[in-house]
Amino acid sequence: MTTRVWDYLAEYETEREDLLDAVETVFDSGQLVLGASLRGFESEFAAYHGIGHCVGLDNGTNAIKLALQALGVGPGDEVITVSNTAAPTVVAIDGTGATPVFVDVREDDFLMDTGQVEAAITERTKCLLPVHLYGQCVDMAPLKELAAKHGLSLLEDCAQAHGARQNGTIAGTTGDAAAFSFYPTKVLGAYGDGGAAITADETVAAKLRRLRYYGMEERYYTVETPAHNSRLDEVQAEILRRKLKRLDAYTAGRRAVAQRYVDALGDTELKLPKTVPGNEHVYYVYVVRHPRRDEILERLKAYDIHLNISYPWPVHTMTGFAHLGYGKGSLPVTEKLAGEIFSLPMYPALSPDLQDKVIHAVREVLTTL
């Protein structure tokens, strides 16, 4: 049996009846777009975060892009973020016409080095965009202070941190707005694409609602600012409503998987994930480090174990962003990590037996390096 970092089939088998009922509920509703399921999910996701507004969107990339636009980011502006992230974070910035500006990450936890941010601020800087990577939060207190000091917006990329907390505060509620992805692999994943943005600001929320619907205030009304169709689908919204009720259980399952890795691999040469004091990690992915990463991954294929790297190519090294001028060595920690990190299987339905198979194989490979 091929083992990969993520699989939804075991979870689907358990939840199948409820998920199919969700589809049936939408099909029986008489409204397939912008209906009761979307409104219900938006209300419940906002309530989960203790915040005033949630706007359902078609994917996480557009959640970042539209949130930036709702915060007033556009051509000529700069947005400070990291290169150690999934490309959509930066693609979304580029999509607004703004320029991404990168700071490095910390080597021990892979998160934005907030100590580098102020030096990167210029007169063109409009927004700070921290990425809550792999399931835990960036240190938000200094970013909030910098945003206030320099008059900047603060947008949280929460695509990998559903339900994560920092000093008791849930991810996505410290900044001016937060963007989420519900891609199927996520801690809260749909059965297709999906996204959302949350905010406490009614003005920002109203702009987001217009931006997701061609720039219209309401259906088939006049366009105020031209935009695109970026609505969250009713079927995915209803599925997410059902799964939201299980989000805390999913997180508990991920933490149990993570603890089994600590117990079984803590004495090896692998560098296991470090949880920042005050953070409550939700383990979207379980990223480990080893200087001979590529050799390990190749040898694990003999056990029919095929793992991922999150992420092998820092965004600043990609051809599509060469024009930004970040040469080799410009973000040394990010570049070093890209050569050493890889992900072990991580999802709530990962059985102890299957995890033991992975652990056994990893230990055997490590002893033969």
Side-chain angles (χ1 to χ4, degrees), residues 3-7 60 81-89 104-113 130-139 157-164 166 171 181 183 185-187 189 250-251 253-277 279-300 305-315 317 331-348 350 354-355 358-359 361-363 365-366:
T3 303
R4 304 188 187 279
V5 295
W6 177 78
D7 187 282
T81 191
V82 293
S83 178
N84 183 37
T85 183
T89 304
D104 215 340
V105 296
R106 304 189 302 198
E107 188 167 350
D108 58 347
D109 56 30
F110 319 141
L111 299 170
M112 174 185 271
D113 186 344
V131 179
H132 299 318
L133 196 70
Y134 302 151
Q136 68 173 330
C137 298
V138 173
D139 187 4
D157 181 345
C158 294
Q160 303 184 15
H162 308 74
Q166 183 173 83
S181 167
Y183 186 73
T185 62
K186 302 300 184 183
V187 179
Y250 296 151
T251 299
R254 289 175 180 273
R255 288 174 177 152
V257 171
Q259 187 59 51
R260 291 201 295 268
Y261 281 133
V262 171
D263 295 340
L265 297 173
D267 63 340
T268 70
E269 299 172 358
L270 283 183
K271 290 187 178 180
L272 304 184
K274 174 186 175 182
T275 300
V276 178
N279 273 356
E280 297 177 33
H281 208 311
V282 296
Y283 296 102
Y284 164 57
V285 283
Y286 195 85
V287 176
V288 299
R289 289 178 63 190
H290 196 283
R292 297 174 69 178
R293 184 267 315 281
D294 293 343
E295 189 175 350
I296 292 171
L297 293 183
E298 190 60 35
R299 292 194 185 190
L300 285 173
I305 297 172
H306 300 263
L307 303 182
N308 289 354
I309 303 170
S310 298
Y311 301 92
W313 302 287
V315 179
T317 69
L331 299 171
V333 176
T334 294
E335 293 167 29
K336 179 182 180 182
L337 292 175
E340 298 182 356
I341 56 178
F342 64 102
S343 302
L344 298 181
M346 171 55 72
Y347 50 96
L350 179 66
L354 190 54
Q355 189 175 7
V358 174
I359 290 167
V362 168
R363 293 189 68 95
V365 168
L366 290 173

**Message:** Pair Leu366, His290 - check side chain to side chain contact (heavy atoms under 4.5 Å, CB included), show working.
**Reply:** CA-CA 10 Å; Leu366 290 173; His290 196 283; 3.9 Å; yes
**Message:** Working to the nearest 0.5 angstrom, can you tell me the gap between His162 NE2 and Lys186 NZ?
**Reply:** 7.0 Å
**Request:** Might you confirm whether atom OH of Tyr183 has over 12 heavy atoms from other residues, nucleotides or ligands at distances under 6.0 Å?
**Result:** no
**Request:** List the steps, then state whether side-chain hydrogen bond (donor to acceptor under 3.5 Å, both in side chains) holds for Tyr284 with Thr185.
**Result:** CA-CA 8 Å; Tyr284 164 57; Thr185 62; 2.9 Å; yes
**Message:** Quick one: does any side-chain atom of Arg363 pair with a main-chain N or O of Thr268 as donor and acceptor, under 3.5 Å?
**Reply:** no
**Message:** Can you give me the closest heavy-atom contact between Val276 and Asp109, atom names plus distance?
**Reply:** CG2-OD2, 3.2 Å
**Message:** Using the rule given for side chain to side chain contact (heavy atoms under 4.5 Å, CB included), can you reason through Ile341 versus Tyr134, listing the C-alpha separation, both sets of side-chain angles and the distance that settles it, and then say yes or no?
**Reply:** CA-CA 12 Å; Ile341 56 178; Tyr134 302 151; 3.6 Å; yes
**Prompt:** Do you know the tightest heavy-atom contact between Ala171 and Ala161?
**Reply:** CB-O, 3.8 Å
**For the student: nearest non-hydrogen atoms of Ser83 and Leu331, plus distance** = CB-CD1, 3.6 Å
**Message:** I'd like to check Glu280 versus Thr251 (side-chain heavy atoms, cut-off strictly below 4.5 Å). Are they in contact?
**Reply:** no
**Message:** If I take atom CG from residue Asp294 and atom CZ from residue Arg299, how far apart are they, to the nearest 0.5 angstrom?
**Reply:** 12.5 Å
**Request:** With rounding to the nearest 0.5 Å, note down the distance linking CG in Leu270 to CZ in Arg289.
**Result:** 11.0 Å
**For the student: nearest non-hydrogen atoms of Pro314 and Glu335, plus distance** = CG-CA, 4.4 Å
**Item:** Donor-acceptor pair, side chain of Asp104 and main chain of Val333, under 3.5 angstrom
**Value:** yes
**Message:** Using a 3.5 Å distance criterion without hydrogens, assess whether the side chain of Asp157 forms a donor-acceptor pair with backbone atoms of Ala159.
**Reply:** yes
**Request:** Start with the C-alpha gap between Val131 and Val138, add the side-chain angles, then the distance that decides, and say whether side chain to side chain contact (heavy atoms under 4.5 Å, CB included) holds.
**Result:** CA-CA 7 Å; Val131 179; Val138 173; 5.6 Å; no
**Fill in**
Scanning both residues in full, the closest heavy-atom pair of Cys137 with Ala164 reads SG-CB, 4.1 Å
**Minimum side-chain heavy-atom gap Val262-Gln259 below 4.5 Å** = yes
**Message:** Please report the interatomic distance CZ(Phe110) to OH(Tyr311), rounded to the nearest 0.5 Å.
**Reply:** 12.5 Å
**Asked** Taking atom CG of Leu350 and atom OH of Tyr286, what is their separation to the nearest 0.5 Å?
**Response** 12.5 Å
**Prompt:** Does Lys274 offer a backbone N or O that forms a donor-acceptor pair with the side chain of Gln136 under 3.5 Å?
**Reply:** yes
**Complete:** Scanning both residues in full, the closest heavy-atom pair of Val282 with Arg255 reads CG1-NH2, 4.0 Å
**Item:** Thr3, Leu344, Val358, Leu307 screened by side chain to side chain contact (heavy atoms under 4.5 Å, CB included) with Leu300, the one that passes
**Value:** Leu307
**Request:** Please round to the nearest 0.5 Å and tell me the distance separating atom CZ of Phe342 and atom CG of Leu297.
**Result:** 5.5 Å
**Asked** Is it the case that Thr334 and Asn84 place a side-chain donor and acceptor less than 3.5 Å from each other?
**Response** no
**Any Pro130 side-chain heavy atom under 4.5 Å of Thr81 side chain** = no
**Prompt:** Which is it for Val5 and Met346 under the side chain to side chain contact (heavy atoms under 4.5 Å, CB included) test, yes or no, and what are the steps along the way?
**Reply:** CA-CA 6 Å; Val5 295; Met346 171 55 72; over 6 Å; no
